[in-house]
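Treat the numbers as computed from the prediction; the structure is a model and nothing was measured.
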Amino acid sequence: MHEVSIAQGLLDIAIEHCKKGGYQRIESISVKIGKASGVVPDSLLFAFETLKIGTIAEKASLTINEIKVSGYCKNCECRFSVEEAYVLECQKCGSTQLVIETGRELNIDEMEVF
């Protein structure tokens, strides 16, 4: 369950930036997580709710925006976007020469601080 270390990393980054900006409290954090990132959103939310206690983010909410896996096939240049976490071959030509453009993200997108 690496989501605990990811949640701790998100909190550390958010708290550091909040303090550098002279803010006292974090109200919300929004993150973008790609479906192919290997992160389980429910586990991340659970870890965040536990780790935020006693920090300036204690009352903060965490919003997760999942990003679909998308890209294109080098063989037939077909573009794709799928709901699944992994793409093994081109749906049009069957080639495995794929370029993944989105779906691996793990970024803080936005924070609301006071």
Side-chain angles (χ1 to χ4, degrees):
M1 186 164 155
H2 66 286
E3 284 79 4
V4 173
S5 62
I6 293 169
Q8 186 64 62
L10 290 173
L11 275 169
D12 291 345
I13 292 168
I15 290 169
E16 180 182 329
H17 284 280
C18 189
K19 287 182 176 176
K20 279 184 182 176
Y23 298 100
Q24 305 296 315
R25 183 172 46 106
I26 300 171
E27 188 72 20
S28 65
I29 300 171
S30 176
V31 296
K32 288 183 178 179
I33 298 177
K35 286 197 165 203
S37 67
V39 176
V40 178
D42 287 343
S43 296
L44 181 61
L45 286 169
F46 178 78
F48 179 82
E49 291 299 318
T50 302
L51 294 171
K52 71 180 186 178
I53 296 170
T55 71
I56 62 172
E58 186 162 354
K59 296 186 178 182
S61 61
L62 178 65
T63 302
I64 297 173
N65 298 306
E66 285 191 278
I67 306 298
K68 290 182 180 178
V69 176
S70 68
Y72 66 93
C73 173
K74 285 183 172 180
N75 187 49
C76 71
E77 299 182 357
C78 174
R79 299 196 78 71
F80 62 85
S81 176
V82 297
E83 293 294 330
E84 295 81 21
Y86 301 101
V87 179
L88 301 176
E89 64 182 25
C90 176
Q91 296 173 344
K92 185 176 178 185
C93 72
S95 171
T96 58
Q97 301 288 320
L98 305 176
V99 175
I100 304 297
E101 296 177 315
T102 65
R104 297 181 180 148
E105 299 86 348
L106 178 53
N107 306 319
I108 293 177
D109 188 37
E110 186 175 298
M111 290 191 334
E112 185 176 5
V113 297
F114 294 98

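Note that CG of N65 and CG of D109 are 6.5 Å apart. Values are rounded to the nearest 0.5 Å. Rounded to the nearest 0.5 angstrom, C73 SG and R79 CZ are separated by 11.0 Å. Between the CD atom in E89 and the OG1 atom in T96 there is a gap of 8.5 Å [rounded to 0.5 Å]. In this structure, S61 OG and I26 CD1 are separated by 11.0 Å, a value rounded to the nearest 0.5 Å. Remark: L51 CG to I6 CD1 distance equals 12.0 Å, nearest 0.5 Å. Note that OG of S43 is 9.0 Å distant from NE2 of H2, once rounded to the nearest 0.5 Å.
A donor-acceptor distance shorter than 3.5 angstrom exists from the side chain of E3 to the backbone of V40, with no hydrogens or angles considered. Looking only at distances, no side-chain donor or acceptor of Q8 sits under 3.5 Å from a matching main-chain atom of V4. Side-chain atoms of S70 do not come within 3.5 Å of backbone N or O of E101 as any donor-acceptor pair.
Side-chain contact between I67 and R104 is absent, with no heavy atoms from C-beta onward closer than 4.5 Å. Between V31 and I108, some side-chain heavy-atom pair lies under the 4.5 Å cut-off. Between I56 and K19, the closest side-chain pair of non-hydrogen atoms falls below 4.5 Å. Between P41 and E66, the closest side-chain pair of non-hydrogen atoms falls below 4.5 Å. Put simply, the side chain of D42 does not reach to within 4.5 Å of the side chain of F46, judged on heavy atoms.
Annotation: salt bridge (Lys or Arg N to Asp or Glu O under 4.0 Å) contacts of R25 (sequence neighbours excluded): E27. Residues passing the salt bridge (Lys or Arg N to Asp or Glu O under 4.0 Å) test with E49, sequence neighbours excluded: K52.
If you chain together ILVMFWY residues whose side-chain heavy atoms come under 4.5 Å of each other, F80 ends up grouped with V69, V82, V87, L98, I100.
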| message | Evaluate E84 against K35 for side-chain contact (heavy atoms from CB on, under 4.5 Å), listing each step before the verdict. | response | CA-CA 7 Å; E84 295 81 21; K35 286 197 165 203; over 6 Å; no

| task | For the pair L10 and L44, evaluate side-chain contact (heavy atoms from CB on, under 4.5 Å) and give the outcome as yes or no after the intermediate values. | result | CA-CA 10 Å; L10 290 173; L44 181 61; 4.3 Å; yes

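Closest of all the heavy-atom pairs between F48 and A7 is N-CB, 3.8 Å.
Residue E58 qualifies as enclosed at atom CD: its count of foreign heavy atoms under 6.0 Å is above 12.
A side-chain contact (heavy atoms from CB on, under 4.5 Å) with S28 is found for exactly one of E110, M111, E112, K59, namely E112.
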